[in-house]
Amino acid sequence: MQRAVLELPEPYALEETLFSGQAFRWARHGRSVEGFLENQPVRVTRRGRSLTVRGRFEGDLEGAVAAYLRVSDPMGQIYRDLGKDARIRAATERWSGLHLLAQQPFETTVSFIASSASNIPKIARSIEKLCRSLGEKKTFDGRRAHAFPTASRLARADLATLRGCEFGYRARYIKSAARAVAEGQVDLDRVARMPTDRAQETLVEGLDGVGPKVAACVLLFAMGKDDAFPVDRWVQRCVSEWYFDGARVTPKRCEAWGREYFGPRAGYAQQYLFHERRGGRVRSRPASRAPSG
DNA sequence: CCACGGCCTGATTC
DNA sequence: AGAATCAGGCCGT
């Protein structure tokens, strides 16, 4: 069992970040949050600015947390760079400390293939089921934890298993994309070293179920391509309303506009606009409906 | 290049 | 109550 203590920089909005919809496997457990770093189960506890991470971890745990949470991002500089108008300034001020993450590329790819025309709680459920049925079993504090399956394991899985995870029509995309990665037709480590445009193109052309939006999410949330600008319905809507006076904007134009307007930190702008538009982090369980009578 | 319908599925809305 | 509609899109036409 390893243990690492990390001093969080100011500002760092830990829960807003972990539950902002970039990552799907963190869960609150009492005062702690449980999830995975480098696909190994850990528990994270925050006391003030101090972050304690525990887990049966192979490798440099402190380095892994710091890298994952991107604690060295110069938020002050980022906010200054992005502060081009009242809208984005309001968003960065309100959600100050919200960070991008540096996640595992393959897991992120599969997760965002699963995200298409879906919603966050459902994506999280599907991913959890996937890990339970195909992921390596690990133990953590006497509890079972399941790592995210490898590409080759996923590629060999039969479609029925994936359907069982409620991926719906995305199941065949996931299997196909996993095969492309497992067979080396798409080398995610190599993609991560490409310039953003070529990296995005490579993902879209090489992986079924990956279009511009999903590819941009992988680039932004797992490959440190901070100039990527994923355009989903929320971002498209708020860009239309806030920057185009309500005029309709196609996703492609919206992406080009965002990258041009916000520049090298466009990805951070997207994250704050998205968060602002949705009104904060995702609730861990869906809101219960008020009784009708 | 853009527009459109179809796709699994569960939650919400009408 | 049961039917549409919508959800962090993508694919084929």
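Reminder, nothing fancy here: chain letters follow the sequence lines and each chain counts from 1.
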Task: P spacing across the pair C:dG8 / B:dT12, given as an integer number of angstrom - done: 12 Å
Open item on the list: Categorize A:Ile123 for me: base, sugar-phosphate, or nothing, with a 4.0 angstrom heavy-atom threshold over every strand shown.
Closed with: nothing
TODO: Name the nucleic acid region contacted by A:Ser126, choosing base, sugar-phosphate or nothing; use a 4.0 angstrom heavy-atom cut-off, strictly under.
DONE: nothing
TODO: Could you please name the partner base of C:dC11, counting Watson-Crick and G-U wobble pairs only when both distances are under 3.5 Å?
DONE: B:dG5
Open item on the list: For C:dG8 and A:Arg170 - does any side-chain N or O of the residue sit under 4.0 Å from the phosphate oxygens OP1/OP2?
Closed with: no
- [ ] Inspect the contact between A:Asp197 and A:Arg259 and indicate whether a charged nitrogen and a carboxylate oxygen are less than 4.0 angstrom apart.
- [x] yes
TODO: Would you mind classifying the nucleic acid contact of A:Phe221 as base, sugar-phosphate or nothing, using non-hydrogen atoms under 4.0 angstrom?
DONE: base
Open item on the list: Categorize A:Val210 for me: base, sugar-phosphate, or nothing, with a 4.0 angstrom heavy-atom threshold over every strand shown.
Closed with: sugar-phosphate
What side-chain donor-acceptor pairs closer than 3.5 Å can you find for residues 64-71 of chain A, not counting sequence neighbours?
from    : atom 1 : to       : atom 2 : distance (Å)
A:Tyr68 : OH     : A:Trp26  : NE1    : 2.8
A:Arg70 : NE     : A:Asp73  : OD2    : 2.8
A:Arg70 : NH1    : A:Asp226 : OD1    : 3.2
A:Arg70 : NH2    : A:Asp73  : OD2    : 3.1
A:Arg70 : NH2    : A:Asp226 : OD1    : 3.1
A:Arg70 : NH2    : A:Asp226 : OD2    : 2.6

- [ ] Look at the side-chain N and O atoms of A:Arg248 and state whether any lies under 4.0 Å from the OP1 or OP2 oxygen of B:dA3.
- [x] yes
Open item on the list: Does A:Arg237 reach a base, just sugar-phosphate, or nothing at all? Heavy atoms under 4.0 Å.
Closed with: sugar-phosphate
TODO: Select base, sugar-phosphate, or nothing to describe what A:Gly209 touches, counting heavy atoms under 4.0 Å on all strands.
DONE: sugar-phosphate
Open item on the list: In whole Å, I'd like the distance from the OH atom of A:Tyr169 to the C1' atom of C:dC10.
Closed with: 7 Å
